[in-house]
Amino acid sequence: MKKKFFKLLAKINKLILPSFTKKELDLAKASKLQLAIIGWRAYVTKNALD
């Protein structure tokens, strides 16, 4: 159940949230909001794959 939820959430994130790798964002210059989005996407991806 938990894994299905995170897989659905990952698909929603992919549609809604921006992809900073395509924009070639430098993590040293990223704002706090951008770092929060990167962290959130990483958390969701990790839980969707486990």
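Counting from 1, the numbers follow the sequence of the chain as shown. What you see below is based on every heavy atom in this structure, not just the backbone, and it leaves out hydrogens, waters and symmetry mates.
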Visitor: What closest approach, in Å, do Leu49 and Lys3 show between heavy atoms, and which atom pair accounts for it?
Guide: O-NZ, 4.2 Å
Visitor: Measure the spacing between NZ of Lys2 and CG of Asn47 and express it to the nearest 0.5 Å.
Guide: 5.0 Å
Visitor: Test side chain to side chain contact (heavy atoms under 4.5 Å, CB included) on Leu17 and Arg41; report intermediate values, then the result.
Guide: CA-CA 9 Å; Leu17 296 177; Arg41 290 185 73 160; 3.9 Å; yes
Visitor: Pairs under 3.5 angstrom only: tabulate donor-acceptor contacts from the side chains of residues 6-15 to other protein residues two or more places apart or in another chain.
Guide:
unit_1, atom_1, unit_2, atom_2, d
Asn13, OD1, Trp40, NE1, 3.4

Visitor: Working to the nearest 0.5 Å, report the span between CZ of Phe20 and CD1 of Ile37.
Guide: 4.5 Å
